[in-house]
Amino acid sequence: MTSILSKQSLILTTFSLALTRLSYCSVTNSNIPSIANYFGTKGRYEEVNPYLINDITSVNKSLLIPHSSDECKPVHVTAIIRHGTRYPTVKNIKRMQRLYDLVVHEASNDETWLDEIKSSWKMWYTDDMDGKLVEKGSDDHRYLAVRLSKLFPSLLSVENLKHQRIRFQTSSKHRCVDSIKAFQQGLHKHWGLEEVWYRHEVNDELMRFFERCRGFVEGVENNKTALAEVKKFKEGPEMGDVRRKMAWQLNVPYERVMPDMVEAAFFLCSYEFAIKSLHTPWCHLFDLKDAKVLEYKNDLKQYWKRGHGHSINSRSSCVLFHDLFNRLELAVQNLRLGQELPEVVTVQVGHGETLLPLLSLLGLYKDSAPPTADNYSQQHGRSFRTSQIVPYAANMLFVLYDCHEGPRIQFLLNETPVRFPGLMSVTEVPLYRDVRQRYRELLEGCDFQKECEVGIQPQHRGHHGNTEL
């Protein structure tokens, strides 16, 4: 684990927009693609919380008031956050280049959008971008920091920062390090400070646990059969229809439009919007029906690779699960003893691959029937939609309250309350002891080392039987 501590002047113009009630990047409903709600893990955070489009610092404090008879006050917050908006990776940039070459040299029709691509749009993505954070991604975290500080002013405060009661941890990936720096910039800007003290630690054992889990790496990451449903869907009738339509629109042979080409066009639409707030002509290749198919393909991949599809996916996050509950337990013990909490806020920045396994381990977003290549038509009402769960800057907030009847804990995903499975309604905040009881089996077990060794064994896949991973 690497510790980083540095001091840097914060120029007031580092924000792309001032902290005022302004529309973010001048985005209006008229230039938001109609398919923006289906971009999956490539989607903007604002599509999950549309009210932020008009006021990026808006908060709803009423969401945090426990609906109970006793008085409560927040005493600790753990925030586990995905990095902000980023450039595409080299792999996807190369796909985009192949698509661009095909369109420029072979496509033909009388549509204005195609003429715009061929005459005006230039392939500006380069290999050196490779997943780096963009300015919009920095703003994602700066403004999230402002909103959380407004929600929890007694916790995210200058005083607590000075006394090192706020802890920052991050993945070693540059997009995560840059995100957590931006988060700290946002806090300092909100507090009216002109200098930023960066106090973050790099901790891949927590934020990139999946790399260290042999059962996951061998059983899922490097096992082609683990994602058999994804491969089958890519070759299935729904994707075939999207390919045929795209080939017809471009007036090129069907066999020239491979599934990767379709995805590249969809990515171009999503990246241009997420990064530049542009409704690019690439978006004209898709309607809502197409977008839902492509979202489902992405959801299939995330479900079987990071979600409930294989048990090792979620069990690989045991180390992060225990880190969270050990911290909460220490805070509860301090409350019982009437002592000051040594750590009132913990901010941890990782990846979509960090959040999805933990969400699955907590039993969230698990539908009665798992998504497969053959049941697309039955999955339109599924809860496992990555567009809504893990957009850029997605966040899991665990808020511990000191209440008259005992400590209570509230969970919010993307700043919206979510019910712990089997515990009360979403409008109520359960007692901490009830949450511990709900997860007692995991708290008493879920050993990272043991799980990641047994994880290489065949995993049960619901009604589909056992499959070698």
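All values derive from a computational prediction rather than experimental measurement. FYI, side chains are in, hydrogens and waters are out, and symmetry mates aren't considered; it's all heavy atoms of this structure.
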K.L.:
Check Arg95 with Asp260, please: is the shortest side-chain N to carboxylate O separation under 4.0 Å?
P.N.:
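Here Asp260 pairs with Arg95 in a salt bridge, since their nearest N and O are under 4.0 Å apart.
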K.L.:
Ignoring hydrogens and angles, tell me if any N or O in the side chain of Asn31 forms a donor-acceptor pair with the backbone of His279 under 3.5 Å.
P.N.:
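Answer holds: no.
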K.L.:
Regarding Glu46 and Tyr51, is there a side-chain donor-to-acceptor distance under 3.5 Å anywhere?
P.N.:
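No - no donor-acceptor pair under 3.5 Å links their side chains.
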K.L.:
Is any NZ, NE, NH1 or NH2 atom of the basic residue among Arg306 and Glu221 found under 4.0 Å from an Asp or Glu carboxylate oxygen of the other?
P.N.:
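Salt bridge: yes.
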K.L.:
With sequence neighbours left out, what residues match Gln97 under side-chain contact (heavy atoms from CB on, under 4.5 Å)?
P.N.:
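Gln97 satisfies side-chain contact (heavy atoms from CB on, under 4.5 Å) with Tyr100, Asp101, Met123 once adjacent residues are dropped.
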K.L.:
Determine whether more than 12 heavy atoms belonging to other residues, nucleotides or ligands lie under 6.0 Å from atom CZ of Arg244.
P.N.:
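Yes, CZ of Arg244 has more than 12 neighbouring heavy atoms, counting only those of other groups under 6.0 Å.
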K.L.:
I'd like to check the ring-ring contact (aromatic ring centres under 6.0 Å, His included) partners of Tyr303; sequence neighbours left out, ordered by chain and number.
P.N.:
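In terms of ring-ring contact (aromatic ring centres under 6.0 Å, His included), with neighbours along the sequence ignored, Tyr303 is linked to Phe384.
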K.L.:
Backbone N or O of Ala373 within a donor-acceptor pair of the Glu229 side chain at under 3.5 Å?
P.N.:
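Side chain of Glu229 to backbone of Ala373: a pair is present.
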K.L.:
Taking only residues two or more places apart in sequence, or in another chain, which ones meet Tyr392 in a side-chain hydrogen bond (donor to acceptor under 3.5 Å, both in side chains)?
P.N.:
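With neighbours one apart ignored, the set is empty.
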K.L.:
Measure from NZ or CZ of Arg408 to the centre of the six-membered ring of Tyr401 and say whether it is under 6.0 Å with the direction within 45° of the ring axis.
P.N.:
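Judged by the rule, Arg408 and Tyr401 form no cation-pi pair.
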K.L.:
For atom NZ of Lys366, decide whether the heavy atoms of other residues, nucleotides or ligands shown that lie under 6.0 angstrom number more than 12.
P.N.:
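Result for NZ/Lys366: open.
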K.L.:
Residues two or more places apart in sequence or in another chain: which of them pass side-chain hydrogen bond (donor to acceptor under 3.5 Å, both in side chains) with Lys42?
P.N.:
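For Lys42, no residue satisfies side-chain hydrogen bond (donor to acceptor under 3.5 Å, both in side chains) once neighbours in sequence are set aside.
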K.L.:
Only one of Leu294, Leu99, Asn92, Ile93 passes side chain to side chain contact (heavy atoms under 4.5 Å, CB included) with Phe267; say which it is.
P.N.:
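Output: one option passes, namely Asn92.
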K.L.:
Between Asn313 and Gly307 (side chain of the first, backbone of the second, donor and acceptor by atom type, cut-off under 3.5 Å), is there such a pair?
P.N.:
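Answer holds: yes.
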K.L.:
If you draw a 6.0 Å radius around NZ in Lys301, do more than 12 non-hydrogen atoms from other residues or ligands fall strictly inside?
P.N.:
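Atom NZ in Lys301 is not crowded, with 12 or fewer foreign heavy atoms closer than 6.0 Å.
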K.L.:
Is Lys297 salt-bridged to Glu238, going by a charged N under 4.0 Å from an acidic O?
P.N.:
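Salt bridge: no.
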K.L.:
Could you pull out the closest heavy-atom pair between Leu155 and Pro74, with the gap in Å?
P.N.:
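Answer, listing the atom of Leu155 first, then Pro74: CD2-O, 3.9 Å.
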K.L.:
One pair to check against side chain to side chain donor-acceptor pair (under 3.5 Å): Thr386 and Asn298. What are the steps and the verdict?
P.N.:
CA-CA 8 Å; Thr386 54; Asn298 179 61; 3.0 Å; yes
K.L.:
When rounded to the nearest 0.5 angstrom, what is the spacing between SG in Cys72 and CG in Leu400?
P.N.:
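The CG atom of Leu400 is 10.0 Å from SG of Cys72, to the nearest 0.5 Å.
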K.L.:
Drop me the distance from Ile80's CD1 to Gln169's CD, to the nearest 0.5 angstrom.
P.N.:
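Reported to 0.5 Å precision, the distance equals 10.0 Å.
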K.L.:
For Ser34, enumerate each residue passing the side-chain hydrogen bond (donor to acceptor under 3.5 Å, both in side chains) test, keeping only those at least two apart in sequence or located in another chain.
P.N.:
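By the side-chain hydrogen bond (donor to acceptor under 3.5 Å, both in side chains) rule, Ser34 matches no residue at all.
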K.L.:
So for atom CD, which belongs to Glu441, do other residues, nucleotides or ligands contribute more than 12 heavy atoms lying within a distance under 6.0 Å?
P.N.:
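12 or below, so no.
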K.L.:
Tell me yes or no: between the side chains of His308 and Ser314, is some donor less than 3.5 Å from an acceptor?
P.N.:
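Looking only at side-chain atoms, Ser314 and His308 do not form any donor-acceptor pair under 3.5 Å.
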K.L.:
Between Trp113, Phe266, Tyr38, Phe39, which is the residue that forms a ring-ring contact (aromatic ring centres under 6.0 Å, His included) with Phe286?
P.N.:
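Looking at Trp113, Phe266, Tyr38, Phe39, the match for Phe286 under the ring-ring contact (aromatic ring centres under 6.0 Å, His included) is Phe266.
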K.L.:
Quick check: are there more than 12 heavy atoms from other residues, nucleotides or ligands sitting under 6.0 Å from NZ of Lys245?
P.N.:
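Yes, enclosed.
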K.L.:
Between atom CZ of Phe411 and atom CG of Leu423, what is the distance when rounded to the nearest 0.5 Å?
P.N.:
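If I round to the nearest 0.5 Å, the distance is 13.0 Å.
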K.L.:
Rounded to the nearest 0.5 Å, what separates atom CZ in Phe210 from atom SG in Cys452?
P.N.:
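Here the interatomic distance stands at 12.0 Å.
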K.L.:
Does a salt bridge link Lys173 with Asp204, judged by any charged N lying under 4.0 Å from a carboxylate O?
P.N.:
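Answer for the salt bridge query: no.
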K.L.:
Quick test of your reading of the model: are Glu263 and Lys234 salt-bridged, counting only N-O distances below 4.0 Å?
P.N.:
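A salt bridge links Glu263 with Lys234.
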K.L.:
Are any side-chain N or O atoms of His83 and backbone N or O atoms of Val177, one a donor and one an acceptor, separated by less than 3.5 Å?
P.N.:
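No, the answer is negative, given that no donor and acceptor are paired below the 3.5 Å cut-off.
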K.L.:
Do the side chains of Glu211 and Arg208 get close enough for a salt bridge, i.e. N-O under 4.0 angstrom?
P.N.:
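Here Glu211 pairs with Arg208 in a salt bridge, since their nearest N and O are under 4.0 Å apart.
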K.L.:
Using a 3.5 Å cut-off and no angle test, enumerate the donor-acceptor pairs between side-chain atoms of residues 124-132 and protein atoms at least two apart in sequence or in another chain.
P.N.:
| unit_1 | atom_1 | unit_2 | atom_2 | d |
| --- | --- | --- | --- | --- |
| Trp124 | NE1 | Glu272 | OE2 | 2.9 |
| Tyr125 | OH | Glu272 | OE2 | 2.5 |
| Thr126 | OG1 | Asp128 | OD1 | 2.3 |
| Asp127 | OD2 | Lys94 | NZ | 3.1 |
| Asp130 | OD1 | Val90 | N | 3.0 |
| Lys132 | NZ | Asp128 | O | 3.2 |

K.L.:
Just by distance, with hydrogens left out, do Arg327 and Thr78 show a side-chain donor and acceptor under 3.5 Å apart?
P.N.:
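Yes, a side-chain donor-acceptor pair sits under 3.5 Å.
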K.L.:
Between Thr372 and Asn375, is there a side-chain donor-acceptor contact under 3.5 Å, judged purely by atom types and distance?
P.N.:
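Side chains of Asn375 and Thr372: pair found under 3.5 Å.
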K.L.:
Quick one: NE2 on His284 to SG on Cys269, what's the gap to the nearest 0.5 Å?
P.N.:
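With rounding to 0.5 Å, NE2 (His284) is 9.0 Å from SG (Cys269).
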K.L.:
Atom CG of Asp140 and atom CZ of Arg86: how far apart are they, to the nearest 0.5 Å?
P.N.:
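One finds 12.5 Å between CG of Asp140 and CZ of Arg86.
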K.L.:
Do the side-chain N and O atoms of Ser387 and Glu295 include a donor-acceptor pair separated by under 3.5 angstrom?
P.N.:
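Distance-only check passes for Ser387 and Glu295.
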K.L.:
Hey, are Arg142 and Glu135 close enough for a salt bridge, meaning a charged N less than 4.0 Å from a carboxylate O?
P.N.:
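A salt bridge links Arg142 with Glu135.
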K.L.:
Would you say Lys150 has more than 12 foreign heavy atoms packed within less than 6.0 Å of its NZ?
P.N.:
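Above 12, so yes.
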K.L.:
Just by modelled atom types, is the Ala145 backbone N or O under 3.5 Å from a matching donor or acceptor in the Ser149 side chain?
P.N.:
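No, the answer is negative, given that no donor and acceptor are paired below the 3.5 Å cut-off.
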K.L.:
Check whether His322 reaches the backbone of Ser317 with its side chain - one donor and one acceptor, N or O, closer than 3.5 Å.
P.N.:
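Flag not set: sc His322 to bb Ser317 has no pair under 3.5 Å.
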K.L.:
For His310 and Ala226, indicate whether the former's side chain and the latter's backbone hold a donor-acceptor pair under 3.5 Å.
P.N.:
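Looks like yes, one N/O pair under 3.5 Å.
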K.L.:
To check you understand the geometry: which heavy-atom pair defines the closest contact between Asn37 and Gln388, and what is its length?
P.N.:
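Closest pair (atom of Asn37, atom of Gln388, distance): O-NE2, 4.4 Å.
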K.L.:
Could you check whether Tyr296 and Phe233 have their ring centres less than 6.0 Å apart?
P.N.:
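Yes, the ring of Phe233 comes within the 6.0 Å limit of the ring of Tyr296, centre to centre.
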K.L.:
Ignoring hydrogens and angles, state whether a donor on the side chain of Glu106 or Asn251 is under 3.5 Å from an acceptor on the partner side chain.
P.N.:
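Judged by distance alone, the side chains do not pair up.
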K.L.:
Using a strict threshold of under 4.0 Å (side-chain N to carboxylate O), is an ion pair present between Glu205 and Arg212?
P.N.:
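Looking at Arg212 and Glu205, the cut-off is not met.
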K.L.:
Does Gln379 reach the main-chain N or O of Ala369 with its side chain, forming a donor-acceptor pair under 3.5 Å?
P.N.:
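Answer holds: yes.
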K.L.:
Look at the side chain of Asp367 and the backbone N and O of Pro370, then say whether any donor-acceptor pair between them is shorter than 3.5 Å.
P.N.:
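Flag not set: sc Asp367 to bb Pro370 has no pair under 3.5 Å.
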K.L.:
Is a side-chain donor or acceptor of Asn49 paired with a backbone partner of Asn414 at a separation under 3.5 angstrom?
P.N.:
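Answer holds: yes.
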K.L.:
Whether Glu47 and Arg44 form a salt bridge (side-chain N of Lys/Arg under 4.0 Å from carboxylate O of Asp/Glu) is what I want to check.
P.N.:
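Yes, charged N to carboxylate O under 4.0 Å.
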